[in-house]
> 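This structure is in structure tokens; I'll ask about it shortly.
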Protein chains: 2
Amino acid sequence: MKDEKKRGRPRAFDAKAALGKARDVFWDRGFAAASLDNLSAATNLNRPSLYGAFGDKENLYLDTLEGYRQDGMDALSEALDPSLQLRDNLARVYESALSIYLHGETAARGCFLIGTATAEAIQHERVREVLGRSLSDFDGEIEKRMRLAVESGELPEGADPQAMARLASAVMHSLAVRSRAGDSRETLEAIARSGVELICGRR
Amino acid sequence: MKDEKKRGRPRAFDAKAALGKARDVFWDRGFAAASLDNLSAATNLNRPSLYGAFGDKENLYLDTLEGYRQDGMDALSEALDPSLQLRDNLARVYESALSIYLHGETAARGCFLIGTATAEAIQHERVREVLGRSLSDFDGEIEKRMRLAVESGELPEGADPQAMARLASAVMHSLAVRSRAGDSRETLEAIARSGVELICGRR
DNA sequence: GAACTTCTGTACTGTTTCGCATAAAATAAC
DNA sequence: GTTATTTTATGCGAAACAGTACAGAAGTTC
């Protein structure tokens, strides 16, 4: 499927790597403030190459958002390994999120989606669509794990898996915002810990 | 203090009203995508008047952020009336937030700070500062109420007021993001309700 | 090897951007 | 009324912007 040799001159760059570089530019500057010159410089691609591969700026941005969403869902599924306790699952979810948001302890970038797509969501319907879908997919994946936890007795019988999942997500949304606002790793880790405690009960 | 008649030609506009109009533009479009033409049209002010009154675009934006922060703190203090139960306090906080975020049921704008300042926080240090201060002031105000609740026995003795306050804020951060992502009022109200339940216990 | 197809680099276009220079208008102080 | 001071309106200007035309380069297919 993907190795059908297309004829004509082949690409001299790796589209996936270029998307990653472009994503970093959007992540730092937001969609509106990122210029095609910025993107061109970061990817080492001329504007015509960018257009040829990804379409216009909005399309390129949507592609980076979609990639981030996918990566996030993969990390989430991994963190929610049902052979572990729910409290460990949640702790892993937050830890994995923070490792992305804090980006190596130094510059805090927060969540790419919440940090940049939120701003564009009003004016750009397709951005709002990706953002909304990302949030609800995230909720849904956690909800599945919550449902298991109710069945297995990890959570009390009357607990509402959907509500619990949304609150677990809420803690992550808060980490996303706060890390971009400059909060320290210690503070964020403390919030994650107390979130786990509140949802799963004290050990 | 404020009525010292300055000489020279007096202003033909109400600066506070103009700030409100400018804030609406930033709220919809974000800082970077809002042009001075947009702002000038919305406020009915020429660009030189805007510059004279508020300085450059970033300064104007910072002023609108600061005003929003103030309004938010006022609304928060009012909602946290300590003669009511903590659970009613929180419910009022979320209700008041949603009334702003949803803006009359139709167009969901979310939170002005979280929806727009987050995007600029990396590149603009002064924006990050206002955002960080807003978040921590909010936490602090709720924490005061939580401390009272522990003293009065509304919360169990061992409860950590700071942690509880940050989690209460987290629910609001999530409402802020989700409303801008297009979630329905019903969904958001359900999340607010289960947040109150989780923090204050079932009735 | 010839023909065809696709990609890359340069350079361009027309628009939009922010911020300001300049001059006229409106008030206060004298 | 005159002068000083501040605000308005028009409109400029230099830079940045997104997107593309075009020509040459680098492959594939036959």
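What's counted below: heavy atoms across the whole structure, side chains too, no hydrogens, waters or symmetry copies.
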> Report the residue from A:R145, A:R87, A:Q85 that forms a side-chain hydrogen bond (donor to acceptor under 3.5 Å, both in side chains) with A:E154.
A:R145
> Parallel, tilted or perpendicular: which one describes the rings of B:W27 and B:Y68, with boundaries at 30° and 60°?
perpendicular
> What is the bend of the helix from C:dG1-D:dC30 to C:dC30-D:dG1 when you compare the axis at one end with the axis at the other, using five pairs each and rounding to 10°?
10°
> Please give me the minimum heavy-atom distance between A:T116 and A:F26, naming the atom from each residue.
CG2-O, 3.5 Å
> Is a donor from one side chain sitting under 3.5 angstrom from an acceptor on the other, for B:S184 and B:T187?
yes
> What does A:A12 touch in the nucleic acid at a heavy-atom separation under 4.0 angstrom: a base, only the sugar-phosphate, or nothing?
sugar-phosphate
> Check the pair A:D24, A:R109 against salt bridge (charged side-chain N to carboxylate O under 4.0 Å, His left out), reporting the backbone distance first and the verdict last.
CA-CA 10 Å; A:D24 286 343; A:R109 302 182 300 178; 3.4 Å; yes
> Nearest whole Å is fine: how far is D:dA9 C1' from B:R11 CZ?
16 Å
> Take A:R147 and A:E151 through the salt bridge (charged side-chain N to carboxylate O under 4.0 Å, His left out) test and state the conclusion after the steps.
CA-CA 6 Å; A:R147 220 174 283 282; A:E151 284 167 16; over 6 Å; no
> Mind telling me whether B:H124 and B:F31 have parallel, tilted or perpendicular rings, with 30° and 60° as the class edges?
perpendicular
> With a 3.5 Å cut-off and no angle check, do the side chains of B:S35 and B:D37 form a donor-acceptor pair?
no
> Between A:N46 (CG) and D:dA25 (P), how many Å, whole number?
15 Å
> Set out, line by line, the N/O atom pairs under 3.5 Å between protein and nucleotides 15-21 of chain D.
from: D:dA18; atom 1: OP1; to: A:L36; atom 2: N; distance (Å): 3.4
from: D:dA18; atom 1: OP1; to: A:K57; atom 2: NZ; distance (Å): 3.2
from: D:dA18; atom 1: OP2; to: A:L36; atom 2: N; distance (Å): 2.8
from: D:dG19; atom 1: OP2; to: A:Y51; atom 2: OH; distance (Å): 2.6
from: D:dG19; atom 1: OP2; to: A:K57; atom 2: N; distance (Å): 3.3
from: D:dG19; atom 1: O5'; to: A:Y51; atom 2: OH; distance (Å): 2.9
from: D:dG19; atom 1: O6; to: A:R47; atom 2: NH1; distance (Å): 3.1

> Any N/O pairs under 3.5 Å between the protein and nucleotides 23-25 of chain C? List them or say none.
from: C:dA25; atom 1: N3; to: B:R9; atom 2: NH1; distance (Å): 3.1

> Taking CG from B:L60 and P from C:dT17, how many angstroms apart are they, rounded to a whole number?
16 Å
> So do the side chains of B:L19 and B:T43 get within less than 4.5 Å of each other, counting heavy atoms only?
no
> May I have the distance from B:L50 (atom CG) to C:dT17 (atom P), rounded to whole angstrom?
14 Å
> Between B:E66 and B:R69 (salt bridge meaning N to carboxylate O under 4.0 Å), is one present in this structure?
yes
> With a 4.5 Å limit on heavy-atom distance, are the side chains of B:H173 and B:F138 in contact?
no
